[in-house]
Amino acid sequence: MAEPGELLVIGYGNPGRGDDGLGPEFARRLADQAVPGVRVEIDYQLTVDHALAVAEAGRVLFVDAAMGLDKPCKLARLSPDHGAALDSHSLSPEAVLALAELLYGQRPEGSLLAIGGERFGEVSEGLSPAAERNLDLGQAMFRAWLADNPAAPPRI
Amino acid sequence: MGEPRLIEISPVTRVEGHGKVTIHLNDRNEVDEARLHIVEFRGFERFIRGRLLWEVPVIVQRLCGICPVSHHLAAAKAMDMIVGVDVLPPTAEKMRRLMHYGQVMQSHVLHFFHLAAPDLLFGFGAPAERRNIFEVIRENPELGRRAVAMRRFGQEIIEATAGKKIHGTGAVPGGINRNLDIATRDRLLAQVEEMLLWAQDALALARGYTLDHADLVANFAAFPSNHMALARAGDGALDLYHGQLRAIDAGGGTIFEGVDYRRYHDLLVEDVRPWSYMKFPFIRDLGPEAGWYRVGPLARMNVAAFIDTPLADAAHRDMKAATGGRPNNTALANHWARMIEVLHCVEKIRDLLHDTDLQGTDLIATGERRREGIGVIEAPRGNLIHHYEVDEHDQVTFCNLIVSTTHNNEGMNRAVKDVAVRYLGGQERISEGMLNHVEVAIRAFDPCLSCATHALGQMPLQVELIDAGGRVIDSRTRNG
């Protein structure tokens, strides 16, 4: 169970698909830092069960790889999408937020950090040099964002 | 932060394989041919060559974010063979089984509640804005909360047995690398009775739908076929983790049974067709026309002599009675079969949690090294075959996988054609309803294009209508 005000960070993607592993790698590095008030989850994709974890969190930051960004990375607020098409096994972050609201009556603040990659699709491990650079910038962007929006430390 | 806004990310164009259906009309605008094409990313076999056998059960999980545990276990079974282990220590086999039942359960729950429920509750022709999980939850929020809780229960089991949700390491060549601690066991036991009740409710829902819509089920993408699955050695019981290959024909006659799965390549041929990336397996002795078969939950119900857990066995007998004991050759009854398997998995999970072998400390067996390993399990979507060869340096030199979606390739193509003939013939436009009928037929097989194509796991779909002159007269696309 999350603490009120806790920040849940979900990094998702497949580390076996080159730069699609940006989200999990971001989350792995963040977990290593053990930041107070920040809980980290890593997964291949978002599914319905993330709605419960999201509902329990005070805030949630989704971290995913992206292509076609006009910047190395972007961080922006999300709104729940109650009309999201659900024709596949995985969900968009907006749909997860909508499910958290619909199922549990919770509407935590949701944001998305999108980090640009360039090598997708091939079965390969490791990030491209461009993705590595963008990941560093994404981490810096996250730190600045967290400084402006500090996570509440867990209650003892 | 400013006002909420969206960042546009294009996951589909980014890493997805995707499905494309082409429907060819003749000069009378009747459906001549319908084909499901899979556009894929290749490279897994190349990726796996040169890897050390010890790391294969972990690496193969990168094939697929939808059912990584299935690949983990199938690869581990193949590696058991390579390290010369034919019988695992009881703790190892039971931990692996627990992992597998948790995986199958949560996968089936996701498919039933998330993907199928909107179609079943609101009808295939309902408007897209109504036919989604949000509407299901608005009408029955408790159902939605149960589905999430059941998913989470399955995930907790996977985490407890595999070590973590993503890239688990639990199964290793020759055994398992952990047992189940008492605290985790008790946490899971505290939930299992409730899961059992919910599984029975879900089964009642799927059964009720199938029987209440008997005409639709009997006529929607329904056609005779062969069925293949593992069955337990000796008594033919449903066994999702281990067994012998059994195949039956559409009338229930035995094609083969009691076959060691390490002989799969003697029995099955992987046919190649120029218009599809995905192969078309068939039973060698019957040839490509008569030898294609279906796998998956319904095929397993058809193949199994019985189920060795009481509630699921009663449900299995009930289902068999609905077809007079003959094989069920429909597509939509797969939903009923899935929920019988969910109940079976929860019963098995409960039994295993009460088994003290899970706290045993004999975790790994050893044996005499072999060059070749074949592992087969019944994954949520059906039979899954992993086949490897390794050299004297423990490096993989050969890899062949037949995943469930590939086994079902011919069945899915026939299902698409059946629906196309019934709902699209004589049309020059593809309506939302038509598109969804095609999707429902494909979805009944719960294909994981990710596995079949070695790309990530959504199911974006494009349908093209092609006239007798080869001209595309309409096209409609839905992204996952």
Side-chain angles (χ1 to χ4, degrees), chain A residues 12-21 24 41-45 47-53 64-69 74-79 81-92 94-95 98-99 102-104 109-114 117 120-125 145 148-149, chain B residues 1-11 13-15 41-44 46-47 59 61-66 68 106 110-111 113-115 118 128-129 132-134 137-138 141 144-145 147-149 151-152 155 164-167 439 443 448 450 454-461 478-480:
Chain A
Y12 59 99
N14 188 340
R17 301 283 175 194
D19 292 348
D20 197 47
E41 283 202 9
I42 299 175
D43 227 322
Y44 285 104
Q45 67 272 307
T47 53
V48 286
D49 29 314
H50 286 101
L52 181 55
D64 191 11
M67 70 180 297
L69 288 181
K74 281 186 175 180
L75 201 159
R77 282 279 298 278
L78 298 173
S79 297
D81 180 1
H82 289 266
L86 299 177
D87 297 313
S88 72
H89 293 98
S90 62
L91 296 179
S92 68
E94 295 90 344
L99 282 175
L102 198 56
L103 285 168
Y104 307 106
E109 180 188 307
S111 302
L112 172 64
L113 172 60
F120 296 98
E122 286 295 312
V123 180
S124 63
E125 293 175 303
W145 177 77
D148 290 341
N149 305 270
Chain B
M1 300 296 296
E3 286 298 302
R5 63 192 176 88
L6 300 178
I7 295 176
E8 292 296 333
I9 296 179
S10 305
T13 54
R14 194 178 72 207
V15 286
F41 297 97
R42 287 179 176 274
F44 185 76
R46 190 176 67 240
F47 176 73
I59 290 171
Q61 294 172 83
R62 299 185 179 185
L63 265 171
C64 175
I66 304 301
Q106 58 95 30
L110 176 68
H111 180 269
F113 288 105
H114 179 184
L115 293 176
E129 59 272 19
N132 63 53
I133 190 70
F134 296 105
I137 292 169
R138 282 189 191 100
R145 280 189 284 272
V148 171
R151 278 276 301 173
R152 179 172 266 208
Q155 297 280 13
K164 47 187 177 175
K165 278 199 292 187
I166 181 167
H167 291 176
E439 285 186 333
R443 265 207 295 271
C448 183
S450 143
H454 309 169
L456 282 179
Q458 295 189 345
M459 196 180 98
L461 186 68
R478 177 160 32 232
N479 288 331

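Protein chains get the first letters and strands the later ones, always in sequence-line order, with residue 1 at the start of each. None of the values given here were measured: they were computed from a predicted structure.
- Arg145(B) places a side-chain N or O within 3.5 Å of a backbone atom of Leu103(A) that can act as its donor or acceptor partner.
- If you take CG on Asn14(A) and CD on Gln61(B), they are separated by 10.0 Å, rounding to the nearest 0.5 Å.
- The shortest side-chain heavy-atom distance between Leu102(A) and Phe134(B) falls under the 4.5 Å cut-off.
- A distance of 5.0 Å separates CG of Leu99(A) from CD1 of Ile137(B), quoted to the nearest 0.5 Å.
- Neither the backbone nor the side chain of Gln106(B) has a heavy atom closer than 4.5 Å to any heavy atom of chain A.
- Residues Val48(A) and Val148(B) approach most closely at O-CG2, 3.8 Å, considering heavy atoms.
- Rounding to the nearest 0.5 Å places CD of Gln155(B) at 7.5 Å from NE2 of His50(A).
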